[in-house]
There are 2 protein chains.
Amino acid sequence: MKNSNKFKAKIFRALSDPTRIEILEYLRDGEKCVCEIVPYLKIAQPLVSRHLAILKRNGLVMERKQGNKRLYSLSNPSVIKLIYAIDDEFMDLILKNIIEQMA
Amino acid sequence: MKNSNKFKAKIFRALSDPTRIEILEYLRDGEKCVCEIVPYLKIAQPLVSRHLAILKRNGLVMERKQGNKRLYSLSNPSVIKLIYAIDDEFMDLILKNIIEQMA
DNA sequence: ATAGTATATAACAATATTTAAATATTGTTA
DNA sequence: TAACAATATTTAAATATTGTTATATACTAT
């Protein structure tokens, strides 16, 4: 087993939650504080913090303090490419899923 | 929350295991039966079957019967692109992880 | 110092995922 | 039909993840 696959898997795992994908897409247009992310996503603050911690632990976002607030940003904007790659390459699958769900 | 993110997350989840990545990379050079995958990965057959079932359920591999055997293949070779995108875009992260692990 | 604001962390319950072991299914061959 | 080979499915145990609630920390303003 190639050792690097373990770490690729970790990155995919960090991306394997819709809330985290949403956060990453939101950060695409720049640094945001938790106080902006929470009302945007409309989910509980501690949960947002935890998702951010997971993204940070996996190197996908960076954190910066500014007074009271913590500002988060993409540490590697390529992550957006990865998310869009799914749109581009697997749209048929996504559509199939959405249609199945509606039925 | 964009609905499609739920399904993107599912695809990432399917990719979030090193064994499954290994299987997909192995299938890159063509259709293989379980009887080839098991000795290649050196893990228990039921476990391989389960990983294959997860990949199939998520539309990443296809199955075909041939006599006794079941042949698996990539249903969308783009998945390999996705795996390699990580190599290309996150190599620094992967290296950091590997180095941390060695220490 | 005190109170308030922003955020993180901890503890918990509910749920999902992973693994290993046992068993079942399907096709093949004698 | 019986025995075998290849594979899938089931089950149970262990572990991880998610969401919720409560609490802690750290900074700001008074």
Side-chain angles (χ1 to χ4, degrees), chain A residues 1 5-24 26-27 30-73 75 97 101, chain B residues 1-3 5-24 26-27 31-73 75 97:
Chain A
M1 167 97 63
N5 281 347
K6 204 159 117 192
F7 303 110
K8 288 184 206 170
K10 275 192 175 185
I11 293 174
F12 284 127
R13 173 79 58 162
L15 294 169
S16 75
D17 179 282
T19 301
R20 289 197 287 273
I21 293 178
E22 201 77 5
I23 291 174
L24 292 169
Y26 186 49
L27 293 181
E31 218 176 29
K32 305 280 181 193
C33 66
V34 179
C35 59
E36 290 171 295
I37 300 171
V38 167
Y40 174 74
L41 292 181
K42 302 192 189 68
I43 62 178
Q45 174 268 315
L47 193 47
V48 170
S49 284
R50 247 203 357 219
H51 280 303
L52 285 167
I54 290 169
L55 290 170
K56 189 178 151 196
R57 180 169 2 111
N58 286 282
L60 299 179
V61 304
M62 291 173 5
E63 186 212 328
R64 182 168 81 84
K65 288 186 195 178
Q66 190 180 56
N68 229 353
K69 304 184 175 175
R70 311 248 179 141
L71 301 170
Y72 284 87
S73 55
S75 47
N97 270 316
Q101 203 194 35
Chain B
M1 165 97 65
K2 268 200 301 180
N3 194 23
N5 281 348
K6 203 160 116 193
F7 302 109
K8 287 185 208 172
K10 274 192 178 186
I11 294 174
F12 284 128
R13 174 81 58 159
L15 292 170
S16 74
D17 178 284
T19 300
R20 290 197 287 272
I21 294 179
E22 199 77 7
I23 289 175
L24 292 169
Y26 185 49
L27 293 182
E31 218 177 27
K32 304 282 182 192
C33 65
V34 180
C35 60
E36 289 171 295
I37 300 171
V38 167
Y40 175 73
L41 293 180
K42 300 191 189 71
I43 62 179
Q45 173 270 315
L47 194 47
V48 170
S49 283
R50 265 185 51 81
H51 281 303
L52 285 167
I54 290 169
L55 290 171
K56 189 178 152 195
R57 177 168 10 107
N58 286 284
L60 298 179
V61 303
M62 292 174 3
E63 186 211 329
R64 182 169 80 83
K65 290 187 193 177
Q66 191 180 54
N68 227 355
K69 304 184 174 175
R70 311 246 181 144
L71 301 171
Y72 284 88
S73 56
S75 47
N97 269 315

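So that the names make sense, note that chain A is the first sequence line, chain B the second, and so on, each numbered from 1.
If you measure from atom CG of L47(B) to atom C1' of dA8(D), you get 13 Å, rounded to the nearest angstrom. Per the geometry, CD belonging to Q66(A) stands 15 Å off C1' belonging to dT5(C), to the nearest Å. When rounded to the nearest whole Å, the span between OH of Y40(A) and P of dA6(C) equals 21 Å. Rounded to a whole Å, the CD atom of E63(A) is 13 Å from the C1' atom of dT9(C). Here the P atom of nucleotide dA6(C) and the CD atom of E31(A) are 17 Å apart, to the nearest Å. For the pair L71(B) CG and dG27(C) P, the computed distance is 14 Å after rounding to whole Å. Atom P of nucleotide dA16(C) and atom NZ of K6(B) are separated by 12 Å, given to the nearest angstrom. In this structure, NZ of K69(A) is placed 17 Å from C1' of dA8(C), rounded to the nearest angstrom.
Nearest heavy atom pair, residue L41(A) against residue E22(A), reads CD2-CG, 3.3 Å. Scanning all heavy atoms of the two residues, the minimum distance from V38(A) to I43(A) falls at CG1-O, 3.5 Å. Contact between L60(A) and A14(A) at its shortest, heavy atoms only, is CD1-CB, 3.9 Å.
Projected onto DNA chain C by closest heavy-atom contact, G67(B) and R70(A) fall at different nucleotides, the more 5' of which corresponds to R70(A). Between R50(B) and I54(A), the one whose closest nucleotide on DNA chain D sits nearer the 5' end is R50(B).
If you check distances only, the side chain of Q45(A) never reaches the base of dA6(C) with a donor-acceptor pair under 3.5 Å. One donor-acceptor pair, N or O on each side, does fall under 3.5 Å between the base of dT5(C) and the side chain of N68(A).
The strand DNA chain C forms stems, runs of 3 or more Watson-Crick or G-U wobble pairs with distances below 3.5 Å, at C:1-30 with D:1-30.
Residue R20(B) has a polar side-chain atom (N or O) positioned under 4.0 Å from OP1 or OP2 of dT18(C). Regarding contacts with the backbone of dA8(D), a side-chain N or O of Y72(B) is found under 4.0 angstrom from either OP1 or OP2. Using a 4.0 Å cut-off, some side-chain N or O of H51(B) falls inside it from OP1 or OP2 of dT19(C).
Comparing dT17(D), dA6(C), dA8(D) by their nearest atom to the side chain of R13(B) picks out dT17(D). Side-chain atoms of S49(B) lie closest to dA8(D) of the nucleotides dT18(C), dA8(D), dA8(C).
Residue pairs meeting the salt bridge (Lys or Arg N to Asp or Glu O under 4.0 Å) criterion with at least one partner in residues 56-67 of chain B, sequence neighbours excluded, are E31(B)-R64(B), K56(B)-E63(B), E63(B)-R70(B).
Side chain of S49(B) to backbone of P46(B): no donor-acceptor contact under 3.5 angstrom is found.
The cationic group of K32(B) lies under 6.0 Å from the six-membered ring centre of Y26(B) and within 45° of the ring axis, placing it in a cation-pi geometry.
The closest side-chain heavy-atom distance from I37(B) to L52(B) is below 4.5 Å.
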